[in-house]
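Data block below; observations after.
Numbers for residues simply follow the sequence, beginning at 1.
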Amino acid sequence: MSSVTVSSAPVVTVRVSSSLNSFTAEKRLVRGLTLAELKCKLELVVGSPASCMDLKLYSVDNEFIQNLDQDDALLGSYPVDDGCRIHVIDKSGAKVGEFEDVSRVEKFEISSDAYDKRSDSVRSFLKKNKMGKFNEEEAAQKAEEQQRKLEEERLASESITVGSRCEVRAVGQPNKRGTVMYVGLTDFKPGHWVGVKYDEPLGKHDGRVEGKRYFECAPKYGAFVKPQFVIVGDFPEEDYGLDDEM
């Protein structure tokens, strides 16, 4: 048995493990607790009934010290120090991991109509205070802003034609030259988009996005960008040196 230096502090921090669970919990315990009171507190930690517990004390180095077997004795009367481990042996017959399997927990379910009728729900609170999606004014402003953005994109895309040479000037990225391959709406995201075939493999795909083909190009040469980042003009192909032999 290893020697243990016991602190006189009124509170001790220990680790709690159990024969039922795989986890270890850290708890601050008052030394003035009786073992009977301690078992009641441990019910909420390990899930075992207090009446079906045996307690074992281990040192900081996980060496067995002794059984904690006198229910009327104080925790502080045992050589329990910070970092020690109290191991709970369950005698209720429960299975290992039974209290960790959340799939076995019965879940409360309610229909949307019934939830709408409740006055103590989050939805009721949001409605009453006109917050979130129930704020009609805010929702109208967002819809107006979205419509304005779509109109700006549409007007910008009208000056871009398929087959034109272009330069993509996106914020925070180097300028990239290529050829316009597609202009219009897409299925993968809302708004107007410009499909570009870059001169070098600086893109993300081959003109196909989420299973739908919008244009043809070699892999890694295709990209979609917003029309406001596309400048159409006489942009000759540039040699980025990506095909040079090393």
Side-chain angles (χ1 to χ4, degrees), residues 1-135 188-189 204 210-211:
M1 181 181 299
S2 61
S3 61
V4 179
T5 302
V6 181
S7 169
S8 59
V11 176
V12 63
T13 301
V14 300
R15 293 170 295 135
V16 178
S17 59
S18 166
S19 60
L20 285 182
N21 307 307
S22 59
F23 63 84
T24 300
E26 187 175 278
K27 293 295 177 182
R28 286 170 55 84
L29 301 174
V30 177
R31 293 180 186 275
L33 285 173
T34 65
L35 292 189
E37 293 170 330
L38 172 61
K39 289 180 178 180
C40 290
K41 288 183 176 294
L42 293 181
E43 280 186 339
L44 300 177
V45 179
V46 301
S48 301
S51 59
C52 298
M53 289 183 187
D54 280 343
L55 304 183
K56 294 181 179 294
L57 179 64
Y58 289 81
S59 70
V60 176
D61 299 322
N62 278 326
E63 295 182 3
F64 176 72
I65 299 176
Q66 68 181 96
N67 293 319
L68 306 181
D69 51 9
Q70 299 293 324
D71 283 351
D72 57 348
L74 299 180
L75 178 63
S77 66
Y78 291 90
V80 181
D81 204 359
D82 287 338
C84 285
R85 178 167 63 93
I86 295 177
H87 185 64
V88 180
I89 304 294
D90 177 80
K91 300 184 298 180
S92 68
K95 296 180 180 179
V96 176
E98 181 174 345
F99 302 119
E100 298 179 78
D101 185 1
V102 296
S103 66
R104 301 179 61 182
V105 178
E106 184 177 356
K107 298 173 180 61
F108 174 74
E109 296 182 357
I110 185 173
S111 68
S112 181
D113 289 341
Y115 186 66
D116 257 340
K117 296 176 182 178
R118 297 189 61 152
S119 60
D120 58 348
S121 65
V122 174
R123 185 182 298 174
S124 174
F125 176 82
L126 294 176
K127 282 183 177 180
K128 187 181 300 182
N129 293 277
K130 295 183 178 180
M131 297 172 62
K133 66 179 181 179
F134 301 106
N135 186 334
F188 59 85
K189 278 187 178 180
K204 297 183 177 180
E210 295 182 357

Open item on the list: Quick one, Met53 and Ser92 - any side-chain contact, counting heavy atoms below 4.5 Å?
Closed with: no

Open item on the list: Could you check whether any side-chain heavy atom of Asp90 comes within less than 4.5 Å of a side-chain heavy atom of Pro49, counting everything from C-beta outward?
Closed with: yes

Open item on the list: With heavy-atom distances below 4.5 Å as the criterion, would you say the side chains of Ile86 and Lys56 are in contact?
Closed with: no

Open item on the list: So, using side chain to side chain contact (heavy atoms under 4.5 Å, CB included) as the criterion, who are the partners of Asp113 when residues are at least two apart?
Closed with: Ser111

Task: Where at least one partner belongs to residues 32-52, residue pairs that pass ring pair (Phe, Tyr, Trp, His ring centres under 6.0 Å), sequence neighbours excluded - done: none

TODO: Rounded to the nearest 0.5 Å, what's the gap from OG1 on Thr13 to CZ on Arg28? Could you check?
DONE: 5.0 Å

Open item on the list: Applying side chain to side chain donor-acceptor pair (under 3.5 Å), can you list everything that pairs with Asp54, at least two apart in sequence or on another chain?
Closed with: Lys91

- [ ] Quick one: closest heavy-atom pair of Leu57 and Pro79, and the distance?
- [x] CD2-O, 3.7 Å

Task: For Arg85, all residues meeting side chain to side chain contact (heavy atoms under 4.5 Å, CB included), sequence neighbours excluded - done: Arg15, Ser17, Tyr58, Asn62, His87

Could you list the donor-acceptor pairs under 3.5 angstrom formed between side-chain atoms of residues 70-77 and any protein atom two or more places apart in sequence or on another chain?
from  : atom 1 : to    : atom 2 : distance (Å)
Asp71 : OD1    : Lys39 : NZ     : 3.0
Ser77 : OG     : Leu74 : O      : 2.5

Task: Donor-acceptor contact below 3.5 Å, side chain Asn67 vs main chain Asp69 - done: no

TODO: Return the set of residues passing side chain to side chain donor-acceptor pair (under 3.5 Å) with Thr34 (not counting sequence neighbours), or none when no residue passes.
DONE: Glu37

- [ ] Determine which pairs satisfy salt bridge (Lys or Arg N to Asp or Glu O under 4.0 Å) with at least one residue from residues 114-125, sequence neighbours left out, and list them in order.
- [x] Asp116-Arg123, Asp116-Lys127, Arg118-Asp120

- [ ] List for me each residue that meets side chain to side chain donor-acceptor pair (under 3.5 Å) alongside Ser18, sequence neighbours excluded, and say none if there are none.
- [x] none

TODO: Only counting residues at least two apart or in another chain, list the ones meeting side chain to side chain contact (heavy atoms under 4.5 Å, CB included) with Val122.
DONE: Tyr115, Leu126

Task: Beyond-backbone contact of Asp82 with Val14, side-chain heavy atoms, under 4.5 angstrom - done: no

TODO: Taking the side chain as every heavy atom from C-beta outward, state whether Leu55 and Leu42 have any pair of such atoms under 4.5 Å apart.
DONE: yes

Task: Residues that Phe188 engages under ring-ring contact (aromatic ring centres under 6.0 Å, His included), provided they are two or more places apart - done: Trp193, Tyr214, Phe224

TODO: Report yes or no: do Asp61 and Ser59 form a side-chain donor-acceptor pair below 3.5 Å?
DONE: no

Open item on the list: For a 4.5 angstrom cut-off between non-hydrogen side-chain atoms, does Leu20 reach Ser48?
Closed with: yes

